[in-house]
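Read the structure below first, then the notes.
These values consider heavy atoms only, across backbone and side chains, with no hydrogens, waters or symmetry-generated copies. Residue indices begin at 1 and follow the sequence shown.
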Amino acid sequence: MKFFLKITFSLYSYLSLVSAFSPPDQYLINCGSGDPAATDPYRRVFNGDSESGHLVSTRASRVFNANPSSCGLYRTARAFNRPLHYVFPIKDPGTHHLVRLHFYPFNSSYYSEAQFHVLANGFLLLHNFRITESENLPVIKEFVIPVDSEKLKITFVPLDKSKFAVVNAIEVISASRDLVADLAQYVDFEKNEQISGLLKNGFETVHRVNVGGFKVTPFNDSLWRTWVPDDSREVGPDNVYNTARVIRSSNGTIPDTNITWVFEVEKGYSYMIRMHFCDIASVATGMLYFNVYVNDNLAYENLDLSYITNRLLASPFYADFVVDEENLGVLTVSVGPSNMSLPRTVDAILNGIEVLKINNSMGSFDGEVCTEFVLRSWRRGNAGVLVPLVAVIFLLLIVSLFMQRRRNWFGDSVAWSRLPVDVSDVNLKYGNQLSSGKA
C-alpha cells in the first residue's frame with residue numbers, strides 16, 4: 001500500500017516553477033451599483049451590475065448600505081422579491097470555476113427579512129440562507145463547481161413572497177485545471193483506497209488554514225483566497241508553503257505525540273481534506289518520515305517527502321483525502337512520528353489544510369433539496385394569490401355566459417328548466433380545487 005499511495009502523491013505534486021495562471025474567465029461584479037467600478041479592500045476592481053449586461057432581470061430594487069465605514073464594494077446591494085438571474089459567458093467550458101458570493105448585513109430591520117436560496121447551473125449553493133450581523137464581516141461563501149456549458153447562470157430565489165433575496169458582490173473566476181484532481185484517497189476505519197470521479201463534483205470551502213503562519217489575504221493569493229492562521233500559487237500560495245508546524249526531537253528520543261487539528265463541519269456530507277506539504281525544516285533529504293491521520297484513521301504511513309519530491313527540499317505538493325461525516329460533526333487531521341522516524345531530526349510537518357464540502361447526490365451543498373424543487377416551490381408558493389383570482393374571473397365568465405343564454409332563451413320563447421345543480425356551487429368548488437392544486 002505504501003508504494004501505491006506514493007504514486008498517487010506524485011500525481012498531485014505541485015511545482016512552484018509553473019508559470020503564473022491567468023484565468024480565462026474573470027468577472028467581479030458590484031451588485032446594486034450604477035458606478036462603473038469599485039474596489040475591494042485588496043484593490044481589486046469590481047464593475048457595477050447595472051450596466052454590466054450580466055443582470056438578466058430588471059425587477060430588483062437598489063439598496064444602499066447605511067454604514068459609511070464599509071468599503072466601496074459593500075455600500076450597495078441588489079435586493080429583489082422574486083427570482084433574479086446573473087448570467088456569465090464562459091470562455092473555458094469543461095473546467096471548474098470559483099464562485100464567491102459576498103454579503104454585508106445592513107444596520108436595518110428590513111435587511112433581516114432577507115431569506116433566500118442560491119442556484120448555479122444545477123447546483124444548490126445556499127438553501128434558506130439568512131444573513132446575520134456578526135463580527136466576521138463581510139460574509140463570503142466560496143464554491144468551486146464544474147461548468148460544462150458556455151454560460152454560468154446564478155439564480156437568487158426568495159424563500160417566499162414575504163421574504164426577499166440580497167447580494168453585495170459576485171465573483172466568477174476560472175480555476176486552473178490542476179486545482180481539482182479526479183483522484184483522491186478515501187479513508188475510514190475499514191478501508192483506505194483510491195477513488196476517482198471527483199471532477200464531476202462541486203466543492204464548498206468550509207475551512208482553509210495556513211499552518212504555523214500568519215493570515216494570508218487575497219492580496220497574496222493568485223486566486224484571491226483567504227487562509228486563516230491555525231491558532232484559532234493556484235493550489236497553494238507561496239506564503240502557505242513558507243510556514244509549517246513541525247514535531248522535532250530535541251535529544252535522542254523520538255517524541256510519542258501527534259499534532260492534531262479539529263474542524264467543525266455539517267453532518268451528513270462527504271468532505272475532501274486537502275493537505276499541503278513542503279519540507280522547509282530538514283537540513284538534508286531522506287531524514288523526514290512521518291504518519292498522516294484523518295479522523296484518527298491512518299491515511300498514510302511512513303510518508304517520505306524526499307521520495308515524493310524526487311529528493312528536492314522545499315518542494316511543495318498537496319494530497320487529497322475524502323471522508324464521510326455522518327455522526328459527530330467534526331473532522332480531525334493529525335501528523336506524527338512513524339516507526340521510521342529518526343532521532344534529532346524533524347519527525348512530522350504540515351503546511352496547510354483545506355476542508356471542502358462535496359455536494360450530495362442531489363447537487364446540493366445545503367440540505368436534501370434539488371434546484372428543480374426550489375424553483376417549483378417558488379412557483380407554487382406564489383400561485384396562492386393568482387389561482388383564486390383566476391378562479392373568480394372564471395366564475396364570472398361562466399355566470400355571464402349563463403345569463404346571456406337565459407336572455408336568448410326568453411327572447412326565443414323557448415321553455416327552459418332549472419339546472420339540477422346550482423352553477424355557482426359548481427364553480428366555487430372548482431375554484432377551491434384550483435387553489436389547492438387539484439385541477
Worksheet, complete the sentence: Here the salt bridge (Lys or Arg N to Asp or Glu O under 4.0 Å) pairs for residues 149-158, sequence neighbours left out, are none
Worksheet item: For the residue pair Tyr186 and Asp324, what are the closest heavy atoms and their distance?
Response: OH-OD2, 2.7 Å
Worksheet item: Is the closest side-chain heavy-atom distance between Glu171 and Leu98 below 4.5 Å?
Response: no
Worksheet item: Are any of the side-chain heavy atoms of Val335 and Ile349 separated by less than 4.5 Å?
Response: no
Item to complete: Taking the side chain as every heavy atom from C-beta outward, state whether Ile308 and Leu303 have any pair of such atoms under 4.5 Å apart.
Response: yes
Practice prompt. Describe, in one word, how the ring planes of Phe46 and His102 are oriented to each other, choosing from parallel (under 30°), tilted (30 to 60°) and perpendicular (over 60°).
Written response: perpendicular
Item to complete: Sequence neighbours left out, what passes side-chain hydrogen bond (donor to acceptor under 3.5 Å, both in side chains) with Thr257? Give chain and number order.
Response: none
Discussion item. Using side chain to side chain contact (heavy atoms under 4.5 Å, CB included), reason through Asp188 and Val323 one step at a time and then give a plain yes or no.
Written reply: CA-CA 7 Å; Asp188 68 7; Val323 297; over 6 Å; no
Item to complete: Output the distance between atom CG (Leu375) and atom NE2 (His117), rounded to the nearest 0.5 Å.
Response: 9.0 Å
Response to the item:
Heavy-atom closest pair (Leu73 atom, Ala169 atom, distance to 0.1 Å) is CD1-CB, 3.8 Å
Item to complete: Kindly give the heavy-atom pair with the smallest separation between Ala77 and Asn168, and that separation in Å.
Response: CB-ND2, 3.7 Å
Worksheet item: Please walk me through it: do Val180 and Leu199 pass side chain to side chain contact (heavy atoms under 4.5 Å, CB included)?
Response: CA-CA 7 Å; Val180 178; Leu199 284 175; 3.9 Å; yes
Worksheet item: Looking at residues at least two apart in the chain, or sitting in another chain, which of them share a side-chain hydrogen bond (donor to acceptor under 3.5 Å, both in side chains) with Asp92?
Response: Thr95, Arg177
Practice prompt. Check whether any side-chain heavy atom of Glu301 lies under 4.5 Å from a side-chain heavy atom of Asn339, and answer yes or no.
Written response: yes
Worksheet item: Out of Met272, Arg274, Met275, which one pairs with Glu354 under the side-chain contact (heavy atoms from CB on, under 4.5 Å) rule?
Response: Arg274
Worksheet entry | Atom pair CD1/CE of Ile254 and Met340 - distance to nearest 0.5 Å | 11.0 Å
Item to complete: Taking all non-hydrogen atoms of both residues into account, name the closest pair between Ser315 and Thr309 and its distance.
Response: O-CG2, 3.6 Å
Worksheet item: Under a 4.5 Å cut-off applied to non-hydrogen side-chain atoms, are Phe129 and Asp366 in contact?
Response: no
Practice prompt. Using a cut-off of 6.0 Å, state whether more than 12 heavy atoms not belonging to Asp256 lie near its atom CG.
Written response: no
Worksheet entry | Tyr271 side chain reached by Leu356 side chain, heavy atoms, under 4.5 Å | no
Worksheet item: Mind checking what makes salt bridge (charged side-chain N to carboxylate O under 4.0 Å, His left out) contact with Lys357, not counting sequence neighbours?
Response: Glu204, Glu266
Item to complete: Ignoring hydrogens and angles, tell me if any N or O in the side chain of Asn192 forms a donor-acceptor pair with the backbone of Ala299 under 3.5 Å.
Response: yes
Item to complete: Output the distance between atom OG1 (Thr285) and atom CG (Leu313), rounded to the nearest 0.5 Å.
Response: 6.0 Å
Discussion item. Holding to salt bridge (charged side-chain N to carboxylate O under 4.0 Å, His left out), I want the full list of residues that pass it with Arg311, two or more places apart in sequence or in another chain.
Written reply: none
Worksheet item: With distance as the sole test, does Ser270 use its side chain to make a donor-acceptor pair with the main-chain N or O of Asn360 at under 3.5 Å?
Response: no
Worksheet item: Got Phe116 and Leu159 here, is their nearest side-chain heavy-atom distance under 4.5 Å?
Response: no
Discussion item. Going by side chain to side chain contact (heavy atoms under 4.5 Å, CB included), name the residues that satisfy it together with Ile90, two or more places apart in sequence or in a different chain.
Written reply: Asp25, Pro93, His97, Val147, Leu152
Discussion item. Given 3.5 Å as the limit, does a donor-acceptor pair link the side chain of Asn359 with the main chain of Ser361, or not?
Written reply: no
Discussion item. Once rounded to the nearest 0.5 Å, what's the spacing between atom OG of Ser196 and atom CG of Asp182?
Written reply: 5.5 Å
Worksheet item: Got a second to check how far Trp378's CH2 is from Arg82's CZ, nearest 0.5 Å?
Response: 7.0 Å
Worksheet item: How would you list, by chain and number, every residue that makes a side-chain hydrogen bond (donor to acceptor under 3.5 Å, both in side chains) with Asn47, sequence neighbours excluded?
Response: none
Discussion item. For a quick test of reading the model, state the closest non-hydrogen atom pair linking Phe103 to Lys141 and the distance between them.
Written reply: CE1-CG, 4.2 Å
Worksheet item: Who passes ring-ring contact (aromatic ring centres under 6.0 Å, His included) against His54, sequence neighbours left out?
Response: Tyr27, Phe88
Worksheet entry | Steps toward ring-ring contact (aromatic ring centres under 6.0 Å, His included) verdict (Phe143, Phe123) | CA-CA 10 Å; Phe143 304 86; Phe123 288 94; 9.4 Å; no
Practice prompt. Test Thr345 against Leu288 for side chain to side chain contact (heavy atoms under 4.5 Å, CB included), laying out the working first.
Written response: CA-CA 7 Å; Thr345 64; Leu288 175 59; over 6 Å; no
Practice prompt. Taking the side chain as every heavy atom from C-beta outward, state whether His207 and Ile353 have any atom pair closer than 4.5 Å.
Written response: no
Worksheet item: Is the closest side-chain donor-acceptor distance between Asp178 and Ser176 under 3.5 Å?
Response: yes
Worksheet item: Going from CG on Leu350 to OG on Ser334, what distance comes out if it is rounded to the nearest 0.5 angstrom?
Response: 10.0 Å
Item to complete: Decide yes or no on side chain to side chain contact (heavy atoms under 4.5 Å, CB included) for Val99 and Leu101, but give the supporting numbers first.
Response: CA-CA 7 Å; Val99 175; Leu101 308 174; 4.1 Å; yes
Worksheet item: Got a sec, which residues hit side-chain hydrogen bond (donor to acceptor under 3.5 Å, both in side chains) with Ser341, two or more places apart in sequence or on another chain?
Response: none
Practice prompt. Measure from the side-chain N and O atoms of Asp320 to the backbone N and O of Ala184, and report whether any donor-acceptor pair falls under 3.5 Å.
Written response: no
Worksheet item: Using the ring of each side chain (for Trp, its six-membered ring), is Phe156 parallel, tilted or perpendicular to Phe80, with breaks at 30° and 60°?
Response: perpendicular
Item to complete: Quick one: list whatever passes salt bridge (charged side-chain N to carboxylate O under 4.0 Å, His left out) with Lys200, sequence neighbours left out.
Response: none
Practice prompt. Applying side-chain contact (heavy atoms from CB on, under 4.5 Å) between Phe290 and each of Val246, Val346, Asn258, Leu305, report the one that passes.
Written response: Leu305
Item to complete: Please check if the side chain of Asn291 supplies one atom and the backbone of Asn302 the other of a donor-acceptor pair under 3.5 Å.
Response: yes
Fill in: Residues which pass ring-ring contact (aromatic ring centres under 6.0 Å, His included) with Tyr269, listed by chain and number, not counting sequence neighbours
none
Worksheet item: What's the shortest heavy-atom distance between Thr332 and Thr260, and which atoms?
Response: CB-CG2, 4.2 Å
Discussion item. My understanding is that only residues two or more places apart in sequence, or in another chain, count here; which of them pass salt bridge (charged side-chain N to carboxylate O under 4.0 Å, His left out) with Asp49?
Written reply: Arg78
Worksheet item: Within the side chain of Asn351, is there an N or O that forms a donor-acceptor pair under 3.5 Å with the backbone of Cys278?
Response: yes
Item to complete: Output yes when Glu325 and Lys267 qualify as a salt bridge under the 4.0 Å nitrogen-oxygen rule, no when they do not.
Response: no
